There are 2 protein chains.
Amino acid sequence: MANAKKMNYVLLGLLSHEPLTGYEIKKRLNTSLRFFWGGSYGSIYPTLNELEKSGQVIKENTISNGREKIIYSITEKGTSCLREWLKNPAEKDELRYETLLKLFFGNENGFEETRKHIERFEEKTKSELQILRLFADNLFNCLDEDTHKYYYLTVTFGIKTYESYLLWCQEAKELIERWESK
Amino acid sequence: MANAKKMNYVLLGLLSHEPLTGYEIKKRLNTSLRFFWGGSYGSIYPTLNELEKSGQVIKENTISNGREKIIYSITEKGTSCLREWLKNPAEKDELRYETLLKLFFGNENGFEETRKHIERFEEKTKSELQILRLFADNLFNCLDEDTHKYYYLTVTFGIKTYESYLLWCQEAKELIERWESK
DNA sequence: TGACAAATATATCAATCTGATATATAATGC
DNA sequence: GCATTATATATCAGATTGATATATTTGTCA
């Protein structure tokens with residue numbers, strides 16, 4: 001059980017909050033977790049089946065409104081696996097920014113195109129920052145619930161980070177302007 | 001040629017600076033690029049062979065000091081592929097922080113262990129920030145060279161970001177303390 | 001000089017993950 | 001009544017990681 005693939009723990013973590021279907025798990029990955037973790041159906045559904053075989057989650061086949069659903073719940077075994085993993089230090093914090101890659105190779109692209117990359121990045125960051133601030137405001141009004149406290153911590157991380165991205169965008173554009181003008 | 005896998009362009013970009021062996025490419029990924037992009041031998045060597053077959057790089061088998069080397073150089077075709085890709089907007093900027101995952105599921109882990117995750121993250125950030133500042137200082141003394149200007153942009157991004165991480169660590173620890181004491 | 005560790009160098013593979021696609025039904029909007 | 005969007009599960013080719021195998025050279029300490 002020691003140190004399985006990460007997706008196992010993502011699913012166990014989400015199911016530790018509440019029972020969910022694979023589809024609902026994907027929605028969580030696209031909203032609450034999207035700023036720091038991802039996951040596709042191609043890993044969600046097979047992993048749920050593996051976790052069921054090893055007794056860490058249980059399936060419940062249901063039909064609601066004529067639609068078939070498979071609702072997954074975490075078991076005691078699953079909870080203890082999750083807790084063990086949570087105690088261990090994080091192994092990898094990784095940034096993978098294509099924007100920075102395109103800046104790094106900018107000598108083949110020029111200042112003008114590089115500025116465009118920065119401006120696109122700036123716009124995207126601004127709109128994501130709006131979303132994060134909305135999340136933060138909503139969470140702030142129900143911090144009594146424990147899960148919300150931890151969620152709030154990750155949202156403030158995103159806000160602080162994105163604010164610094166915007167500051168860097170300013171600096172970077174100024175640097176380029178200076179380099180262009182001589 | 002339109003929109004091949006990312007590793008193609010990483011290799012072409014590095015070879016646009018200078019001819020390199022696969023081993024030297026890996027070293028670049030472990031140093032200059034490590035803060036925003038990665039890559040393993042398992043993708044480097046096969047991709048170099050593919051690029052050679054499609055005429056974007058050329059191999060040169062050499063022996064220096066009795067050691068066999070394969071030095072790769074970019075061709076005109078490779079350069080134009082790289083330039084085309086560089087002009088297109090970046091498709092994906094992705095953060096994948098296991099630390100944040102462990103914070104998010106903190107309700108199964110508690111405040112004490114969560115604080116430890118933050119402190120470990122803080123220490124790691126401090127030491128990476130030192131490295132980045134060293135990079136920045138060295139680059140600042142030779143900004144006349146074009147490739148260094150673009151490199152410098154990415155390093156300042158890293159510094160701004162990591163500085164904001166450290167500010168967040170303070171805030172996060174204060175939040176936890178407040179939550180613990182009531 | 002000899003012994004051992006570290007660096008240089010290429011290559012491959014199982015396990016994993018992504019992005020796309022396929023399939024089907026229910027709800028919503030116009 | 002028709003089209004689009006949302007719900008829901010499942011699979012697969014292609015890409016990537018992390019580990020491992022192999023072999024030589026260089027550096028270090030005694």
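Keep in mind that the numbers below use all heavy atoms, side chains included, and drop hydrogens, waters and symmetry copies. Keep in mind it's a predicted model, so treat the numbers as computed, not measured. Within every chain, numbering begins at 1; the chains are lettered A, B, ... in the order of the sequence lines, protein sequences first and strands thereafter.
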Exercise. Is K92(B) near enough to dG19(C) that one of its side-chain N or O atoms lies under 4.0 angstrom from OP1 or OP2?
Worked result: yes

For this session: Quickly work out the Y23(B) OH to dA23(D) P distance and round it to whole Å.
Result: 18 Å

For this session: In plain terms, say whether E171(A) and K173(A) are close enough for a salt bridge, that is, a side-chain N and a carboxylate O under 4.0 Å apart.
Result: no

Exercise. OP1 or OP2 of dA10(D) sitting under 4.0 Å from any side-chain N/O of Y41(A)?
Worked result: no

Exercise. Between atom CD in E52(A) and atom C1' in dT9(D), what is the gap in whole Å?
Worked result: 15 Å

Exercise. Between E113(A) and K102(A), is the closest basic N to carboxylate O distance under 4.0 Å?
Worked result: no

Seminar exercise, completed: Here the distance between atom C1' of dT16(D) and atom CD of E94(A), to the nearest Å, is 10 Å

Seminar exercise, completed: Between K59(A) and T47(B), the residue closer to the 5' end of DNA chain D by nearest nucleotide is K59(A)

Exercise. Salt bridge or not for E119(B) and K124(B), using N-O below 4.0 Å?
Worked result: no

For this session: Please confirm whether the backbone N or O of G39(B) pairs with a side-chain atom of K26(B), one donor and one acceptor, at under 3.5 Å?
Result: yes

For this session: Let me know the distance between CG of L29(A) and P of dC17(C), rounded to the nearest Å.
Result: 12 Å

For this session: Describe the nucleic acid contact of G42(A) in one word from base, sugar-phosphate, nothing, applying a heavy-atom distance below 4.0 Å.
Result: base

For this session: Would you indicate, yes or no, if dT10(C) has its OP1 or OP2 atom less than 4.0 angstrom from a side-chain nitrogen or oxygen of Y45(B)?
Result: yes

Exercise. To the nearest Å, how far apart are L48(B) CG and dT10(C) P?
Worked result: 9 Å

For this session: Indicate whether OP1 or OP2 belonging to dA6(D) is found under 4.0 Å from a side-chain N or O atom of K27(A).
Result: no

Exercise. Any side-chain N or O of T21(A) under 4.0 Å from OP1/OP2 of dT9(D)?
Worked result: yes

Seminar exercise, completed: The answer to which of P46(A) and K69(A) contacts DNA chain D further toward the 5' end, by nearest nucleotide, is K69(A)

For this session: Check whether any side-chain nitrogen or oxygen of R96(A) sits under 4.0 Å from OP1 or OP2 of dT17(D), and answer yes or no.
Result: yes

Exercise. K26(A) has an atom NZ; how far is it from atom P of dG19(C), in whole Å?
Worked result: 8 Å

Exercise. When all nucleic acid strands are considered with a 4.0 Å heavy-atom cut-off, which category describes S43(B): base, sugar-phosphate, or nothing?
Worked result: base

For this session: Could you check how far CD1 of I25(A) sits from P of dT7(D), rounded to whole Å?
Result: 15 Å

Exercise. Which sits closer to the 5' end of DNA chain C, M7(A) or R67(A), going by the nucleotide each is nearest to?
Worked result: M7(A)

Exercise. When the distance from CD of E50(A) to C1' of dT11(D) is rounded to whole Å, what number comes out?
Worked result: 14 Å

Exercise. Counting N and O atoms only, with roles assigned by atom type, does the side chain of H117(B) sit under 3.5 Å from a partner on the main chain of T99(B), one being a donor and the other an acceptor?
Worked result: no

